[in-house]
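Quick notes on the structure that follows.
All values below were derived from every heavy atom in this structure, side-chain atoms included, with hydrogens, water molecules and symmetry-related copies excluded.
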Amino acid sequence: MARPSPADKRQTFRELHASGCFAIPNPWNVGSARYLQGLGFKALATTSSGFAHSLGLSDGEVTRDMVLAHCRELAEAADVPLNADFEGGFADDPAEVADNVRLCVDTGVAGLSIEDFTGDEADPLYDFDLALKRVRTARDAIDRTGTGVVFCARTEGFIHGRPDLDETIRRLKAFADAGADCLYAPGIKTREQIEAVVKAVAPKPVNFLNSGAFGFTVGDLAAMGVRRISVGGTLARVAMHAFIKSARDIADPGKFDSFAGVMPNAELNAFFHDDLKKRQS
C-alpha cells in the first residue's frame with residue numbers, strides 16, 4: 001500500500017479541523033512519532049521544548065535550520081499529518097517570517113503555528129499591529145505555496161507573564177480575521193477561559209494545550225467546543241522525568257528498583273519491526 005503523500009496528509013489535516021475534537025500529541029523524535037501513530041492518533045505535532053531538551057538545549061535555543069531538519073524528518077517518518085511548532089517564525093520582521101514559513105512548508109508538514117512571543121520576558125508580546133502583520137504575511141506566504149497547509153496563530157500572554165483574557169481574545173479574533181485557520185492561547189486553563197476563547201473566534205477551531213494538570217478529558221474539552229488538543233512538551237518531560245528519577249536512584253543510593261515493570265526490549269523490537277514491515281509492504 002502506497003504511503004500518503006504530503007498533499008494527502010494536508011487534506012486529511014484540514015478535514016480534521018472541520019468538525020469534532022481530536023488529540024494531537026507531540027513526539028520529539030522518529031521513534032516517539034511512529035509509536036504514537038501506531039496507537040491510532042490521527043495527527044501529530046512537534047514540540048519545541050521536547051526537541052530542544054533532547055538536544056541538550058533549552059527551549060528557544062534551537063536554530064531555524066535545526067527545526068526545519070527536524071520537521072522534515074518527522075514529516076517523512078509519519079503517515080499521519082504533522083503540525084510544526086514553528087515558534088515565532090525565527091524572525092521579527094514579517095517579510096523574514098514569510099520566507100521562513102515557506103521553508104517550513106517545504107519540509108512536508110501539514111500545518112504550522114506562529115506565535116507572538118518576542119523572546120524577551122521583559123517585553124514578551126509583539127506590539128499588536130506588528131503581531132497582526134506577522135500573521136497576515138505568514139498567511140499570505142502559505143497561500144502562495146498553494147499547498148493548503150493549515151495555519152495556526154498563537155498568542156502567548158498566559159505563559160509569558162501577561163495573563164490578560166481580554167487582550168488574548170482581542171489578538172485571537174484579529175488573527176482569525178487575518179486568515180488563521182486555527183487559534184491557540186497556550187496557558188488558559190479554566191472552563192470559563194476556554195469557553196470564552198472558543199466563543200470569541202467561532203466558527204474557527206481552537207487548539208487547547210492540556211498538560212494534564214487541569215483535570216479535563218477529551219470529552220470534557222469537546223463539550224466546551226475545543227477542536228484540537230495538544231500536549232506540548234509534556235510527553236517528552238514524562239519520558240525525561242522517568243529517566244532522571246531512575247538515573248538518580250542509580251547514582252545515589254545505588255539502587256535499580258525503578259527498572260521494575262519497564263516494557264521489555266522484545267516488545268519494543270516487535271513493534272518497530274512490524275511497523276517497518278508495514279511501511280515497506
Side-chain angles (χ1 to χ4, degrees), residues 26 45-53 55-68 70-71 83-104 112-142 151-190 192-194 196-197 200-201 204 206-211 213 230 232-234 236-237:
N26 304 71
T46 67
T47 160
S48 64
S49 64
F51 178 51
H53 298 160
L55 298 176
L57 300 171
S58 66
D59 196 8
E61 291 182 339
V62 179
T63 67
R64 181 202 67 179
D65 289 350
M66 292 164 72
V67 169
L68 290 172
H70 177 60
C71 288
N83 187 83
D85 176 354
F86 205 50
E87 304 183 46
F90 298 91
D92 298 319
D93 180 71
E96 293 180 39
V97 170
D99 289 340
N100 292 337
V101 163
R102 284 189 287 270
L103 292 174
C104 188
L112 64 88
S113 63
I114 293 291
E115 61 195 46
D116 62 359
F117 176 50
T118 63
D120 178 4
E121 294 291 352
D123 187 20
L125 300 183
Y126 286 109
D127 173 78
F128 179 86
D129 290 338
L130 177 56
L132 185 56
K133 187 173 182 180
R134 285 161 47 85
V135 168
R136 286 184 177 136
T137 54
R139 170 79 273 168
D140 182 62
I142 293 171
F151 175 40
C152 181
R154 304 170 41 151
T155 185
E156 307 289 291
F158 270 82
I159 60 173
H160 290 291
R162 299 292 188 274
D164 183 329
L165 185 60
D166 289 339
E167 178 62 14
T168 293
I169 287 174
R170 180 171 85 110
R171 288 179 177 243
L172 291 180
K173 289 177 69 173
F175 296 167
D177 291 341
D181 298 305
C182 182
L183 289 310
Y184 184 13
I188 61 171
K189 59 185 179 181
T190 69
E192 293 74 22
Q193 291 167 345
I194 297 165
V197 165
V201 302
K204 294 285 182 78
V206 167
N207 183 99
F208 176 69
L209 173 65
N210 195 346
S211 67
S230 59
T234 307
R237 288 197 304 276

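- With hydrogens and angles disregarded, no donor-acceptor distance shorter than 3.5 Å links the side chain of T168 to the backbone of T155.
- Side chain of E96 to main chain of D93: no donor-acceptor pair is present (N/O by atom type, distance under 3.5 Å, no hydrogens or angles).
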Check the pair D65 / L68 against side chain to side chain contact (heavy atoms under 4.5 Å, CB included), numbers first and verdict last. CA-CA 5 Å; D65 289 350; L68 290 172; 4.0 Å; yes
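- Between the SG atom in C104 and the CD1 atom in I142 there is a gap of 8.5 Å [rounded to 0.5 Å].
- The line from CG of L112 to SG of C152 is 9.0 Å long, rounded to the nearest 0.5 Å.
- The nearest pair of heavy atoms linking S49 to G233 is OG-CA, 3.5 Å.
- When all heavy atoms of D92 and R134 are compared, the pair lying nearest together is O-NH1, 3.3 Å.
- D59 and S48 are linked by a side-chain donor-acceptor pair at a separation below 3.5 angstrom, with hydrogens and angles left out of the test.
- Side-chain contact between R154 and P186: present, with at least one pair of heavy atoms (C-beta onward) separated by less than 4.5 Å.
- Residue F51 comes nearest to V62 through the heavy atom pair CE2-CG1, 3.7 Å, listed as atom of the first residue, atom of the second, then distance.
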Side chain to side chain contact (heavy atoms under 4.5 Å, CB included), that's the test. Do E87 and D85 meet it? Break it down for me. CA-CA 5 Å; E87 304 183 46; D85 176 354; 3.8 Å; yes
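- E61 places no side-chain N or O within donor-acceptor distance of the main-chain N or O of L57, the cut-off being under 3.5 Å.
- At least one donor-acceptor pair closer than 3.5 Å links the side chain of N26 to the backbone N or O of G232.
- No side-chain heavy atom of S230 sits under 4.5 Å from any side-chain heavy atom of N210.
- Minimum heavy-atom separation, G179 to K204: C-NZ, 4.3 Å.
- Contact of the I114 side chain with the V101 side chain is registered, since non-hydrogen atoms from C-beta on lie closer than 4.5 Å.
- Closest non-hydrogen pair, L165 versus V197, comes out as CD1-CG2, 4.2 Å.
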Is there a side chain to side chain contact (heavy atoms under 4.5 Å, CB included) between E115 and F86 once you walk through the steps? CA-CA 8 Å; E115 61 195 46; F86 205 50; over 6 Å; no
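- Every residue was checked against the side chain to side chain donor-acceptor pair (under 3.5 Å) condition with H53, not counting sequence neighbours, and none meets it.
- Taking NZ from K133 and CG from D127, the interatomic distance works out to 12.0 Å, rounded to the nearest 0.5 Å.
- The CG atom of D166 sits 5.5 Å away from atom CG of D164, with the distance rounded to the nearest 0.5 Å.
- Contacts classified as salt bridge (Lys or Arg N to Asp or Glu O under 4.0 Å) and involving residues 170-187 (residues at least two apart or in different chains) are given here: R14-D181, D116-R171, R139-D181, E167-R170, E167-R171.
- Rounding to the nearest 0.5 Å places CG of N207 at 10.0 Å from CG of L183.
- The two residues L172 and A185 have their closest heavy-atom pair at CD1-CB, 4.0 Å.
- Residues T46 and H70 are in side-chain contact: their nearest non-hydrogen atoms beyond the backbone lie under 4.5 Å apart.
- Rounding to the nearest 0.5 Å gives a distance of 5.0 Å between OG1 of T63 and CE of M66.
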